[in-house]
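First comes the structure, then the notes that go with it.
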Amino acid sequence: MSSDIRRADEAINELEINRDLSQYIVHCDADAFYAAVEELDHPELKEVPMAVGVGVLTTCNYHARKFGCRSGMAGFVAMKLCPHLVCLPLNFEKYTAVAQKVREVFAEYDPNFQSASLDEAYLNITEYCNQYQRDPVEAVQQMRAEIHLRSKITVSAGIAANAKLAKICSNKNKPNGQFHLANDRGAIMSFMRGMPTRKVNGIGRVFERELDAIGVKTCGDIYAYRGYLSKLFGEKAFQFLMTCYLGIGRTDIRPAEESERKSVGTESTFRDMNDKTELRTKLRHIAEELEKDMKRTQFKGRTLVLKIKLHTYEVFTRQIAPPTAVHKADDLYKYSLPMLAKLEKEIPGLTLRLMGLRCTNLISMKKDGIDFFGMTKSIISRPAIQKEFSNNDDEWEVWPEDEFEEAARQERQDEMNEIEALSQAEADAQNDDTPHRYAHGKEVLPNPVPSGQQEATDIEEENTWSCPICSRPQSANDKAFNEHIDLCLSRQTIEEAVKASSTQESTPSSVRRESSLLEKSIPKKRGRPTKSDSADTGHAQKKLFFS
DNA sequence: GCGGATCAC
DNA sequence: TATGGTGATCCGC
């Protein structure tokens, strides 16, 4: 046991030796971005509870939050919390346009800034500050003012020595504020000491609970348990937790690249369905949706994954490797159908609420021009986004030799078979109103609720509020009430509710793993013990080697 | 490599 | 009345 502690201390030493305090990393996070953008078009909504989303809320403005409405919340729950809530449909064209204005400002401070999503980005402003002899805090202040000037939206920012810390800091003074954590080891250590584990990007609800179960509530608590963590949660999680305790994170900020895509998939939820013909129709439809995405992203997949969710919310996946890489609906359907049929055999009375298809082991079909013989020439994992400032042009992904050969062979074969089809697809794409990258859930075009709705009901008049999920009275206190809703929405509650309400035949044990029962008294090895260092990158992990 | 599970947005 | 979709990663087997 003391050897475990010694090993942990060595790991800490190793990390400590390479601690980098020389960089100024900024995490920028727009405030209620989608809602804020909508407010630009609908100024009258500024003082009214407003949320944006389809089915599930994507963002809520501050008025909506006062009622407990939050992103990630089902629309019907939010409407119960706040009956005069105005819900707007998503409009990604609008959001991207505004995001683009913001990105223009980012680029002036760090041409290599990394977008983590539409409304989040990491910047390394070290060079900027050196070049212009600027104080990081003032520089960020000015950048945020500039963003507001040009885009009319507000962003919050965190400034710190690395991405992990900056991400936490950007939430400190939200909205429309910033927080600076000095590049000082002592300041960082004490900052992390009291930091609840959940605040760290990569530690979710589950891991938080598991850590809590052994007595770790804050990142500072991690140290005392350093001798146990590897055995409990695995080596990766151990390393990650050490970086949390130390407040260490990556400092290399580079633009994310399309080339790092590893899968393309689509899935959809529907009313409970057990009719075999209907299920096949649904599968066929999903295959066609996926074909569109494969065409848009220009990939084929050598592996096809079928995902289903039962009416009990249990999720299963099955995958196969078709004889050739697939991307067309006919093939996607043809090869996924046997998987569905097998599941129907394994799980009698199969009743689904979700079906999805995903391609992995991708082969890029991006055209890099026309080769000598007039054949379309495919390339492997070409970085798709030519950022004007990108200095990473030489960083093409390299495949192992034999894989490359196989892929090339595969492609030649497919091209012989499908060259006509492909040029047809190309022609289609030209006339196509190419669906937006985020344009999903298009079948549901909900409820722009008229703004002049009647006043709030008597929700707030009593000193208890009724939980919209469990209907039990809760204390009329924002924080406590929200926490209760979190609990109520947890999967445990869902499963209990489903079990209690449906006297369903249990899933045969042949396909159900013991661990699918969510109750567990002893923490087990974690399914996903957080990416070692890229949990806060928002894109594929780039391993950091300390040299 | 497969299937389950977790996490971010 | 009725809980989303996309993508990534890690673990045990």
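Below, read A as the first sequence line, B as the second, and so on, with proteins coming before strands; counting in each chain starts at 1.
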Worksheet item: Out of C:dC10, B:dG3, C:dG5, which has the shortest distance to the side chain of A:E267?
Response: C:dG5
Item to complete: Decide if atom NZ of A:K94 counts as having more than 12 heavy atoms of other residues, nucleotides or ligands within a radius under 6.0 Å.
Response: yes
Worksheet item: Side-chain N or O of A:R358 less than 4.0 angstrom from OP1 or OP2 on C:dT6?
Response: no
Worksheet item: How far does the P atom of B:dA8 sit from the matching atom of C:dT3, given to the nearest Å?
Response: 24 Å
Discussion item. I want to check one thing: is the phosphate of C:dT6, taken as OP1 and OP2, less than 4.0 Å away from some side-chain N or O of A:S263?
Written reply: no
Response to the item:
Taking C:dC11, B:dA8, B:dG3 as options, the one with an atom nearest any side-chain atom of A:K236 is C:dC11
Worksheet entry | Phosphate OP1/OP2 of B:dG3: any A:T317 side-chain N/O under 4.0 Å | no
Worksheet item: OP1, OP2 of B:dA8 versus side-chain N and O of A:R205: anything below 4.0 Å?
Response: no
Worksheet item: C:dG7, B:dA8, C:dT6: which one has an atom nearest the side-chain heavy atoms of A:K307?
Response: C:dT6
Worksheet item: What integer distance in Å separates A:I308:CD1 from B:dG3:P?
Response: 12 Å
Discussion item. Rounded to whole Å, please give me the gap between CG in A:L362 and P in C:dA8.
Written reply: 8 Å
Item to complete: For residues A:F67 and A:H84, establish whether the separation of their ring centroids is below 6.0 Å.
Response: yes
Worksheet item: Within the pair A:N361 and B:dG1, is there a side-chain N or O less than 4.0 Å away from OP1 or OP2?
Response: no
Fill in: Between P of C:dG4 and CZ of A:F270, the distance in whole Å
12 Å
Item to complete: Evaluate whether atom NZ of A:K174 has more than 12 neighbouring non-hydrogen atoms of other residues, nucleotides or ligands under 6.0 angstrom away.
Response: yes
Discussion item. Tell me whether the side-chain N/O atoms of A:R353 come closer than 4.0 Å to OP1 or OP2 in C:dT3.
Written reply: yes
Discussion item. Rounded to whole Å, how long is the line connecting atom CZ of A:F238 with atom C1' of C:dC11?
Written reply: 18 Å
Discussion item. Whole angstroms only, please: what is the CZ-P distance between A:F316 and B:dA5?
Written reply: 8 Å
Practice prompt. Specify the separation, in whole Å, of atom CD1 of A:I320 and atom C1' of B:dG3.
Written response: 15 Å
Worksheet, complete the sentence: When rounded to whole Å, the CZ to P distance for the pair A:F299 and C:dG7 reads 10 Å
Worksheet item: For the residue pair A:F207 and A:F233, is the inter-centroid distance of their aromatic rings smaller than 6.0 Å?
Response: yes
Worksheet item: In terms of side-chain heavy atoms of A:Y313, which of B:dC9, B:dA8, C:dT3 is nearest?
Response: C:dT3
Worksheet item: Any side-chain donor-acceptor pair under 3.5 Å between A:D29 and A:S170?
Response: no
Worksheet item: Is the closest side-chain donor-acceptor distance between A:N176 and A:T154 under 3.5 Å?
Response: no
Fill in: Distance test, side-chain N/O of A:K167 to OP1/OP2 of B:dC9, below 4.0 Å
yes
Item to complete: Indicate whether OP1 or OP2 belonging to C:dG5 is found under 4.0 Å from a side-chain N or O atom of A:T266.
Response: no
Worksheet item: With a 4.0 Å cut-off on heavy atoms, is A:V264 in touch with a base, just the backbone sugar-phosphate, or nothing at all?
Response: sugar-phosphate
Fill in: Shortest side-chain distance from A:R318, nucleotide among B:dC7, B:dG3, C:dG4
B:dG3
Item to complete: Using whole Å, report how far CG of A:L118 lies from P of B:dA8.
Response: 19 Å
